[in-house]
Amino acid sequence: MNTNSLQQHVNEPTRGNNILDLDMTTTDLSINGSEVTAKIGEHQMIDFTLEVQNPNIRTEHKQVLDYKRANFELMKEELGSHNYEVLMSNKNAEECYVILKEKIVTATEHRIPRKQIRPTNNPPWFSQEIKRLINARQQSYRRLK
């Protein structure tokens with residue numbers, strides 16, 4: 001088990017003199033107080049506490065670009081005001097890319113405001129589409145009541 005980074009926590013017999021019921025975890029998980037307790041049929045129950053942390057809990061606000069309030073006309077003017085032929089003459093592809101990226105990032109910073117969003121504790125797979133479908137189901141249920 002050690003070759004697969006697994007750790008066995010049950011060290012007492014769980015059926016007769018045999019350890020049949022296993023309690024294996026990866027070594028980075030914390031198991032507290034694993035013990036064999038009451039008998040259920042021919043087996044004995046394993047009682048343990050598993051300490052886990054939720055890595056998805058976000059506490060700080062995040063700043064994102066607010067495209068709804070962006071001024072794309074001014075951004076287009078700003079990006080169009082540069083003479084790219086002069087800026088990129090005698091440059092290789094990598095240098096041209098860096099120049100263009102720098103101009104786009106600068107225009108984005110000037111013309112697209114930022115907004116703060118609050119953290120969510122939803123799992124990564126819980127998309128807006130899933131949320132919309134759940135809300136639609138609940139509305140249908142309320143109408144049918």
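All values derive from a computational prediction rather than experimental measurement.
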For this session: Could you identify which residues cluster with Val86, counting Ile, Leu, Val, Met, Phe, Trp and Tyr as linked when any side-chain heavy atoms lie under 4.5 Å apart, either directly or through a chain of such contacts?
Result: none
Exercise. Can you tell me how far the NZ atom of Lys68 sits from the NZ atom of Lys115, to the nearest 0.5 Å?
Worked result: 6.0 Å
For this session: Mind checking side-chain contact (heavy atoms from CB on, under 4.5 Å) for Glu95 and listing every partner two or more places apart, or none if nothing turns up?
Result: Lys91, Asn92
For this session: With sequence neighbours left out, write down each residue that passes side-chain hydrogen bond (donor to acceptor under 3.5 Å, both in side chains) with Asn71, or none if nothing qualifies.
Result: none
For this session: Only counting residues at least two apart or in another chain, list the ones meeting ring pair (Phe, Tyr, Trp, His ring centres under 6.0 Å) with His82.
Result: Tyr84
Exercise. Would you say the side chain of Thr106 lies within less than 4.5 Å of the side chain of Glu78, judging by non-hydrogen atoms?
Worked result: yes
Seminar exercise, completed: Residue set satisfying side-chain hydrogen bond (donor to acceptor under 3.5 Å, both in side chains) with Gln138, at least two apart, ordered chain then number -> none
Problem set entry | Test side-chain contact (heavy atoms from CB on, under 4.5 Å) applied to Tyr67 - qualifying residues, sequence neighbours left out | Leu65, Phe72, Ile112
Exercise. Roughly how far apart are Leu79 CG and Leu100 CG, rounded to 0.5 Å?
Worked result: 8.0 Å
For this session: Check Leu87 against Ile99 and note the closest heavy-atom contact, atom names and distance.
Result: O-CD1, 3.4 Å
Problem set entry | ring-ring contact (aromatic ring centres under 6.0 Å, His included): pairs with one or both residues in residues 120-142, sequence neighbours excluded | none
Seminar exercise, completed: Those residues at least two apart in sequence (or on a different chain) that pass side-chain contact (heavy atoms from CB on, under 4.5 Å) with Arg137 are Ile134
Exercise. About how many Å separate CD of Gln116 and CD of Gln63, when rounded to the nearest 0.5 Å?
Worked result: 5.0 Å
Exercise. Which ILVMFWY residues can you reach from Leu144 by hopping between side chains whose heavy atoms are under 4.5 Å apart?
Worked result: none
Problem set entry | Euclidean distance, Met88 CE relative to Asn83 CG, rounded to 0.5 Å | 10.5 Å
Problem set entry | Sequence-distant partners of Arg114, side-chain hydrogen bond (donor to acceptor under 3.5 Å, both in side chains), two or more places apart | none
Exercise. With Arg132, which residues qualify under side-chain contact (heavy atoms from CB on, under 4.5 Å), at least two apart?
Worked result: Glu129
Seminar exercise, completed: Using a 4.5 Å side-chain heavy-atom cut-off and chaining through intermediate ILVMFWY residues, the residues clustered with Tyr97 come out as Val98
